[in-house]
Chemist: 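The following block contains the structure, expressed as structure tokens.
Quick caveat: nothing in here was measured; it's all calculated off a predicted structure. Counting convention: from 1, in listed order, for ligands and their atoms alike.
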Amino acid sequence: MTSHTHKTALSVNLNKVALVRNTRHLGIPSLTTAATLCLQAGARGITVHPRPDARHIRSDDVYELAAMLKKSWPQAEFNIEGNPFQNLMPFIRELRPHQCTFVPDSEGQFTSDHGWDLAADAQRLRPLIVEAQSLGVRVSLFMDPVAQAMQGAKDVGADRVELYTESFASAFGTPSQDKVLQDFADAARAADAAGLGVNAGHDLNLDNLSAFLKAAPQVQEVSIGHALISDALELGYIAAVKAYLACIDKAFPTAP
Ligand SMILES: CC(=O)[C@@H](O)[C@H](O)COP(=O)(O)O
Ligand SMILES: NCC(=O)COP(=O)(O)O
């Protein structure tokens with residue numbers, strides 16, 4: 001049994017395993033094998049983003065992973081991401097994952113590239129947040145790192161926010177890094193002060209993860225996919241996950 005000693009949980013996003021799998025009709029690489037190896041290596045959970053166009057994660061994948069996790073990894077967290085006004089809610093109603101992450105992507109969007117505009121969407125988000133929570137599912141809202149927006153996420157009823165970290169990843173190693181990191185530090189602090197849990201994700205990698213977590217120690221979970229799966233192509237899933245866990249450890253040297 002893997003012992004979970006890391007302050008920030010690592011959830012591995014399997015979108016890109018599915019993307020490679022979809023380029024042949026052979027069923028490999030297997031998503032359940034990827035999930036098993038990542039969890040064996042110490043990941044705390046698995047994340048999938050079943051987009052409406054099924055470019056990578058397909059509906060069957062979500063059901064198969066949910067069944068495998070329930071049977072073989074009951075302690076692992078399953079996080080399903082998506083737009084609740086598109087195709088996400090049937091997965092939540094039927095599978096009741098530990099967490100859902102509401103992401104405001106349009107159907108054909110290249111990748112996730114912005115958080116919610118709660119001034120525009122809070123009213124129609126609220127009943128879906130209430131519904132997911134009534135099914136025992138934690139709700140996280142994908143948000144830009146704007147400290148002033150965190151109270152709105154709390155007011156609409158979210159349990160957590162997921163800070164969209166692409167702007168940090170782009171700034172990492174540039175003169176604007178510290179300013180951008182300060183935005184994330186402020187947003188994480190504001191979310192925590194509002195009583196929200198704090199997740200983070202998008203374009204996090206082995207180079208930038210520790211610096212991010214040192215600046216935003218409130219982060220309870222990072223969901224990482226593109227870079228981690230790319231690293232796994234070279235290192236293997238187990239070594240790649242262990243390398244990311246080492247980055248988390250490095251950010252919290254005194255954590256138990
Ligand atoms: C919400 C987010 O930032 C990512 O989890 C998203 O799932 C990335 O989607 P793609 O893997 O389709 O780029
Ligand atoms: N929510 C972020 C996620 O699940 C993975 O994003 P990325 O690491 O693929 O950019």
Chemist: Salt bridge between Asp121 and Arg124, side-chain N to carboxylate O under 4.0 Å?
Modeler: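 Result for this pair is yes, salt bridge flagged.
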Chemist: Provide the number and element of each atom of ligand 2 under 4.0 Å from a heavy atom of Gly201.
Modeler: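 This gives 2 (C) as the contact atoms.
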Chemist: Quick one: which ligand 1 atoms are inside 4.0 Å of a heavy atom on Phe142?
Modeler: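 Contacts of ligand 1 toward Phe142, numbered from 1: 1 (C), 3 (O).
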Chemist: Out of all atoms in ligand 1, which are within 4.0 Å of some heavy atom of His49? Include the element for each.
Modeler: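 Counting from 1, the qualifying ligand atoms are 6 (C), 7 (O).
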Chemist: Heavy-atom contact under 4.0 Å between Ile224 and ligand 2?
Modeler: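 The answer is yes, since Ile224 has a heavy atom less than 4.0 Å from ligand 2.
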Chemist: Quick check: do Ser140 and Cys100 have side-chain heavy atoms less than 4.5 Å from each other?
Modeler: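 They are not in side-chain contact.
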Chemist: I'd like to check which ligand 2 atoms, numbered from 1 as shown, lie under 4.0 Å from a non-hydrogen atom of Gly225.
Modeler: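 Listed by number with element: 5 (C), 7 (P), 8 (O), 9 (O).
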Chemist: Under a 4.5 Å cut-off applied to non-hydrogen side-chain atoms, are Val161 and Asn199 in contact?
Modeler: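 Heavy-atom side-chain distance check fails, nothing below 4.5 Å.
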Chemist: Can you list the atoms of ligand 2 that are under 4.0 Å from a heavy atom of His226?
Modeler: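 Every atom of ligand 2 under 4.0 Å from some heavy atom of His226: 7 (P), 8 (O), 9 (O).
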Chemist: Distance under 4.0 Å to a non-hydrogen atom of Thr47: what atoms of ligand 2 satisfy this?
Modeler: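 Counting atoms of ligand 2 from 1, those under 4.0 Å from Thr47 are 4 (O).
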Chemist: Closer than 4.0 angstrom: is that true for some heavy atom of His49 and an atom of ligand 2?
Modeler: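 No; His49 lies far enough from ligand 2 that no heavy-atom distance drops under 4.0 Å.
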Chemist: Where's the contact between His56 and ligand 1, heavy-atom distance under 4.0 Å: side chain, backbone, both or neither?
Modeler: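 Answer for His56: side chain.
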Chemist: Does Glu166 approach ligand 2 within less than 4.0 angstrom via side chain, backbone, both or neither, non-hydrogen atoms only?
Modeler: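 For Glu166, there is no contact with ligand 2 at all, from either part.
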Chemist: Does a salt bridge link Asp53 with Arg55, judged by any charged N lying under 4.0 Å from a carboxylate O?
Modeler: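 Salt bridge present between Asp53 and Arg55.
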Chemist: Give the atoms of ligand 1, by number and element, whose distance to some non-hydrogen atom of Lys16 is under 4.0 Å.
Modeler: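 In order of number, 11 (O), 13 (O).
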Chemist: Which of the numbered atoms in ligand 1 are under 4.0 angstrom from any heavy atom belonging to His202?
Modeler: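 Numbered from 1, ligand 1 contributes 2 (C), 3 (O), 4 (C).
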Chemist: Who's the nearest protein heavy-atom neighbour of atom 6 (O) of ligand 2, and how far?
Modeler: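 The closest heavy atom on the protein side is His202 CA, 3.7 Å.
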Chemist: Quick test of your reading of the model: are Glu107 and Arg51 salt-bridged, counting only N-O distances below 4.0 Å?
Modeler: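 Salt bridge absent between Glu107 and Arg51.
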Chemist: Report the nearest protein non-hydrogen atom to atom 5 (O) of ligand 1: residue, atom name, distance rounded to 0.1 Å.
Modeler: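 Answer for atom 5 (O) of ligand 1: Glu81 OE1, 2.5 Å.
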Chemist: Is it the case that ligand 2 has an N or O less than 3.5 angstrom from some N or O of Phe142?
Modeler: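 No, there is no polar N/O contact under 3.5 Å.
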Chemist: Around atom 13 (O) of ligand 1, find the nearest protein heavy atom and jot down its residue, atom name and distance.
Modeler: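 The closest one turns out to be Thr111 OG1, 2.5 Å.
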Chemist: Centres of the Phe212 and Phe184 rings: under 6.0 Å?
Modeler: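 Aromatic pair counts; centres sit under 6.0 Å.
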Chemist: Any heavy atom of Glu162 sitting closer than 4.0 Å to ligand 1?
Modeler: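 No, Glu162 has no heavy atoms under 4.0 Å from ligand 1.
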Chemist: What part of Glu166, side chain, backbone, both or neither, has a heavy atom within less than 4.0 angstrom of ligand 1?
Modeler: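 The answer is neither.
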Chemist: With heavy-atom distances below 4.5 Å as the criterion, would you say the side chains of Ser112 and His49 are in contact?
Modeler: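 In short, these two side chains touch, coming nearer than 4.5 Å.
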Chemist: Which pair of non-hydrogen atoms, one from Ala188 and one from Gln218, has the smallest distance, and what is that distance?
Modeler: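 So the minimum-distance heavy-atom pair works out to CB-OE1, 3.5 Å.
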Chemist: Asn13 heavy atoms, cut-off 4.0 Å: which ligand 1 atoms fall inside?
Modeler: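 Under 4.0 Å from Asn13, ligand 1 has these atoms: 5 (O), 7 (O).
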Chemist: Report yes if some heavy atom in the side chain of Leu213 is under 4.5 Å from a heavy atom in the side chain of Val222; otherwise report no.
Modeler: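 With C-beta onward as the side chain, the pair touches.
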Chemist: Atom 4 (O) of ligand 2: which protein heavy atom is closest, and how many Å away?
Modeler: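 Result: Asn13 ND2, 2.8 Å.
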Chemist: How close does the nearest protein non-hydrogen atom get to atom 11 (O) of ligand 1, and which residue and atom is it?
Modeler: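 Answer, as residue, atom name and distance: Asn15 ND2, 2.8 Å.
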Chemist: Numbering the atoms of ligand 2 from 1, which are under 4.0 Å from a heavy atom of Asp203?
Modeler: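 Answer, ordered by atom number: 7 (P), 8 (O), 10 (O).
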Chemist: Give the atom numbers and elements of ligand 1 that come within less than 4.0 Å of a heavy atom of Ser112.
Modeler: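 Those of ligand 1 that fall under 4.0 Å from Ser112 are 1 (C), 2 (C), 3 (O), 6 (C).
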Chemist: Atom 9 (O) of ligand 1: which protein heavy atom is closest, and how many Å away?
Modeler: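 Closest protein heavy atom to atom 9 (O) of ligand 1: Arg51 NH2, 3.0 Å.
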Chemist: Does any non-hydrogen side-chain atom of Thr8 lie less than 4.5 Å from one of Ile248?
Modeler: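 Ile248 vs Thr8: side chains touch.
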Chemist: So for ligand 2, is Glu162 a polar contact partner (N or O within less than 3.5 Å, distance only)?
Modeler: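 Yes; at least one N/O pair falls below 3.5 Å.
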Chemist: Check whether any side-chain heavy atom of Ile224 sits under 4.5 Å from a side-chain heavy atom of Val12, and report yes or no.
Modeler: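 No, too far: nothing below the 4.5 Å cut-off.
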Chemist: Pick out which of Leu31, Thr36, Asn79, Leu39 makes a side chain to side chain contact (heavy atoms under 4.5 Å, CB included) with Ile46.
Modeler: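 The option that passes is Leu39.
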Chemist: So Asp105 and Thr111, do their side chains get closer than 4.5 Å, heavy atoms only?
Modeler: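 Sidechains of Asp105 and Thr111: no contact.
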Chemist: Hey, mind stepping through Phe78 and His98 against ring pair (Phe, Tyr, Trp, His ring centres under 6.0 Å) and telling me if it holds?
Modeler: CA-CA 6 Å; Phe78 194 29; His98 300 84; 7.9 Å; no
Chemist: With heavy-atom distances below 4.5 Å as the criterion, would you say the side chains of Asn15 and His56 are in contact?
Modeler: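 SC-SC contact between Asn15 and His56 confirmed.
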